[in-house]
Structures are given as C-alpha cells and as structure tokens.
Student: 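Just dropping this structure here.
Side-chain atoms are counted along with the backbone in the values below, which use heavy atoms only and exclude waters and symmetry mates. FYI, the numbering just counts along the sequence from 1.
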Amino acid sequence: MRLEWTDQALEGFRNIYSHHFTLSETKEYKKRLLKNIKEKVSLLGTSIPAGNGEWEGSYKIIVDKFIVYYSFSEDRDICYIEYFRHSSQQR
C-alpha cells in the first residue's frame, strides 16, 4: 500500500517541530510516525468510519495524538491521507 497526501495534510505533517528536540530527532520521529500511520491503516482498514458530512467515505485513526482521516483507491493499493493535525490544534 502506498500513501498519498493531500496538500493540506502534507502541510500539517511538514509543520511538525519541537523546541525540545533537534532537527535530526524530529526527522527520526517523522519517519516513525509515517511507519506507525501505515501500520495502523493496514491493521484497521475501514473499521472506523470518519462520520457523516464532508468525511463520508473516509476513515479516521489517531496516532501519537495526531488525527488522520484517510480513504482508499478502489483497488486499495493507495491510501489517501486527506487530513492530518495534532489533536490539540484548532480545526
């Protein structure tokens, strides 16, 4: 399965930083976070619908306090990451 990110979701991912960690530590964290997202999407698949309205047909997971909305291509080879933000951020 391949992950593809919307511009909005990718911007949220790129904005991950901390004053408490070095650039190198942050890069390593992002790599682990991507791996964890992919593993959780593979494990849960379509078991947690995101809800009604604009997210109909999408699914929702929380990984390391990040909220991730995603959907799949018809053949399920591609997982589209549609929304990504930290749970403490305003929507």
Student: Do Tyr80 and Leu3 come within less than 4.5 Å of each other through their side chains, counting heavy atoms only?
Tutor: no
Student: Under a 4.5 Å cut-off applied to non-hydrogen side-chain atoms, are Phe13 and Leu33 in contact?
Tutor: yes
Student: Do the side chains of Phe66 and Ile16 get nearer than 4.5 Å, heavy atoms only?
Tutor: yes
Student: Is the shortest side-chain heavy-atom distance between Phe72 and Val41 below 4.5 Å?
Tutor: yes
Student: Between Tyr70, Tyr69, Trp5, which is the residue that forms a side chain to side chain contact (heavy atoms under 4.5 Å, CB included) with Phe84?
Tutor: Trp5
Student: Counting C-beta onward and ignoring hydrogens, is there a side-chain heavy-atom pair between Ile67 and Lys60 closer than 4.5 Å?
Tutor: yes
Student: Quick one: side-chain contact (heavy atoms from CB on, under 4.5 Å) partners of Ser18, sequence neighbours excluded?
Tutor: His20, Phe21
Student: With a 4.5 Å limit on heavy-atom distance, are the side chains of Ile61 and Leu44 in contact?
Tutor: yes
Student: Ignoring hydrogens and geometry, is there a side-chain-to-backbone donor-acceptor pair from Ser87 to Lys65 under 3.5 Å?
Tutor: yes
Student: Set out, in order, the CA-CA distance, both residues' side-chain angles and the distance that settles side chain to side chain contact (heavy atoms under 4.5 Å, CB included) for Ser71 and Glu82, then state yes or no.
Tutor: CA-CA 7 Å; Ser71 61; Glu82 300 169 346; 2.5 Å; yes
Student: Is Ile81 linked to Leu34 within one hydrophobic cluster, defined over Ile, Leu, Val, Met, Phe, Trp and Tyr using a side-chain heavy-atom separation of less than 4.5 Å?
Tutor: yes
Student: Give, for atom OH of Tyr59 and atom CD1 of Ile48, the distance between the pair rounded to the nearest 0.5 Å.
Tutor: 11.5 Å
Student: Taking only residues two or more places apart in sequence or in another chain, which ones pass side-chain hydrogen bond (donor to acceptor under 3.5 Å, both in side chains) with Asn36?
Tutor: none
Student: If I take atom CG from residue Asn15 and atom CZ from residue Arg85, how far apart are they, to the nearest 0.5 angstrom?
Tutor: 14.0 Å
Student: For a 4.5 angstrom cut-off between non-hydrogen side-chain atoms, does Asp64 reach Ile37?
Tutor: no
Student: Do Glu25 and Lys27 pass the salt bridge (charged side-chain N to carboxylate O under 4.0 Å, His left out) test, and can you show the C-alpha distance, the side-chain angles, and the key distance before you say yes or no?
Tutor: CA-CA 5 Å; Glu25 290 170 325; Lys27 285 181 182 181; over 6 Å; no
Student: Would you list the pairs meeting salt bridge (Lys or Arg N to Asp or Glu O under 4.0 Å) in which at least one residue belongs to residues 30-41, sequence neighbours left out?
Tutor: Glu28-Lys31, Lys35-Glu39
Student: Mind checking whether Leu10 and Met1 sit in one hydrophobic cluster, side chains of I, L, V, M, F, W, Y counted as touching below 4.5 Å?
Tutor: yes
